[in-house]
Amino acid sequence: MAQALTTPERVASIRQVMATERFRWWLGFTVLTMMAAARAALPTERDPFWSARAGLETLDGVPLARPDTWSWSAEGIWYPNSPAWNVVLGVAWNGLGYWGFFWVAFIATTALIGLSMMVARRAGARALPTFVTFVPLLLASSAAISARATVAVQILLLCAVLFAWWFGGVAGRLRTPVAVGVVAVTGFALSFVGNWVHLSFMLLAAAVAVMWAIAWWTSPGLDGWRRALLLAFGTLGLFLGCVFSPYGIGLTLERSRAVGEICRDLITEWMSLSTMVFDEGGFIWLPIAVVTVIAAAGTVYWLVRLVRTAGRFDPRVRLVAPLIALAVPAVVAGFGTIRFLALGALVLMPVAAAALTALVDRFRGAQQRGGNAWSSGRVARYTSGRFWTDVLVIVAVVVSVMAAVAIPQGARPPETRVVEQLPLGCLLWSDPSVAGPVLLERPDVRVWIDGRADFYGREHLIRFIEIRSGRVPLPADAECVILKPRSGDSRLSDVLDSSSAWSRITSIDGFTLWVRERA
């Protein structure tokens, strides 16, 4: 019979397991997914709500480009920018309600983290440096981590890079027609799906073509002719996927241009970094920018050293160089439009993890050589893998508790109880974020504005800001108003309370409902 382990032996056995790299990878993945679960339960991003309403209409057979059906302040044709993703969210809402948004966000974010860790491992990263890298970059891009289509787009980008890395190693052993056929079909499928998930993929398809060109150029066993053919047919497939996008190439690019002009310096993610920090007081974006820039600079420096020491055909080069080729321009563009900072941060994650691993290796080499401050016993203890594994276990416990507290909310927004009190069929004026739950909870109520900035236009957005500040009166046709618990609405709140035409009906969780007195 096997002899039972004593307590010291059990501790030693546990310590032995904890010292393995596999345990550290799973522990880091678990912590990151618990963070993703806690984030998915916070309904701070409201675009998924109106996206789900659009998806429900699509499921009902409404044309893709459609007349508006839920606003009372604007008319015209609306072009949904993520038609396939809208359907996913519509199905999620039909099946699970707000929990559907939680599960979509959680599953998509977990997939993104898992793929990023897969790329990081293949780029030479170890578990602990990967975790240390991923946490700040995920926090820097937290606005993009939700049930929005942007997460799906990031997943497609990582899939594109992993395909090029894998296929670049086998393409030289295949017949030329087979190789170019696989690349063309993959490019078409990737671009077709990406453009239906979100229209922004049309521009990213061009970026994927560049990333693939870098991957083919750095792949061993490929002659110049085959590289040129892979580039040509891969680009052709990506282009055809754009041709069969929801609105075609011309209209999609026109809509992208119009959205940029409408949202510039009015919507947070379309503001420049300087506008956000100095005009809007969003100082949190400064550390986000600093972290992302440091990560970008570090990865570029590491890639240069990798090319010089290992040669350009090192397998890691053909995996990380395409990612850097997309991430660095995105980070630079982020200073003009901060939405690109999130793109850059998410693309950088696996490369930055590999770069930090290389830095840690150099640090370990300095420790082993001795004769410096890094080789002292105390420094060696607090920089050891064992110490940081213990820290990660503690972090795992803390994050698990946070997730256990947050998850029961199930992505339910706090204003739902006030929304339930809206009069039947009233014309609502509210913040765009409040309108999102209204569209799902109370489809009988029509809204003055919601998150579809591209549909309402720039003048409408400016008028909303002026009404909210109290500088412009409420629209005469408004029959009900919901205000958020925000100091910026205090002046409008005072106007409503002092007017005999409006009655304060209720205030729940800081959200207040007024209804116009009927003559």
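Everything numeric in this text was worked out from a predicted model, so none of it was measured. We use all heavy atoms of the structure for the numbers below, so side chains are in, but hydrogens, waters and symmetry mates are not.
Within 6.0 Å of atom CH2 in W72, more than 12 heavy atoms from other residues, nucleotides or ligands are found, so the atom counts as buried in its surroundings. Counting heavy atoms of neighbouring residues, nucleotides and ligands inside a 6.0 Å radius, atom CZ of F233 does not exceed 12 of them.
Each of F455, W448, F49, W78 was checked for a ring pair (Phe, Tyr, Trp, His ring centres under 6.0 Å) with W70, and the lone residue meeting it is W78. For the pairing with S73, the side-chain hydrogen bond (donor to acceptor under 3.5 Å, both in side chains) check across H460, R446, R463 returns one residue only, H460.
Closest approach of T268 to I338, counting heavy atoms only: O-CD1, 3.1 Å. Across every non-hydrogen atom of R442 and Q421, the tightest pair is NH1-C, 4.5 Å.
With respect to the salt-bridge test (charged N to carboxylate O, under 4.0 angstrom), the residues R257 and E254 qualify.
Residue pairs meeting the salt bridge (charged side-chain N to carboxylate O under 4.0 Å, His left out) criterion with at least one partner in residues 281-291, sequence neighbours excluded, do not occur; the list is empty. Counting only residues at least two apart or in different chains, disulfide bond (SG atoms under 2.5 Å apart) contacts with residues 60-108 are absent.
Taking the six-membered ring where the residue is Trp, the centroids of F29 and F134 are separated by 6.0 Å or more. For W196 and F201, the distance between ring centers is not under 6.0 angstrom.
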List the steps and the verdict of side-chain contact (heavy atoms from CB on, under 4.5 Å) for N81 and H198.
CA-CA 6 Å; N81 58 12; H198 198 277; 4.0 Å; yes
Would D450 and R53 count as a salt bridge (charged side-chain N to carboxylate O under 4.0 Å, His left out) here? Give the steps.
CA-CA 12 Å; D450 51 66; R53 173 71 180 266; over 6 Å; no
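The salt bridge (Lys or Arg N to Asp or Glu O under 4.0 Å) search around R412 returns E441, not counting sequence neighbours.
The aromatic rings of F102 and F106 sit parallel, their planes meeting at an angle under 30°, below the 60° perpendicular limit.
We find the CD1-CG distance between I482 and D431 to be 10.5 Å, quoted to the nearest 0.5 Å. Between the CG atom in L286 and the CE atom in M276 there is a gap of 10.5 Å [rounded to 0.5 Å].
In this structure the side chain of P475 reaches within 4.5 angstrom of the side chain of W429, judged on heavy atoms.
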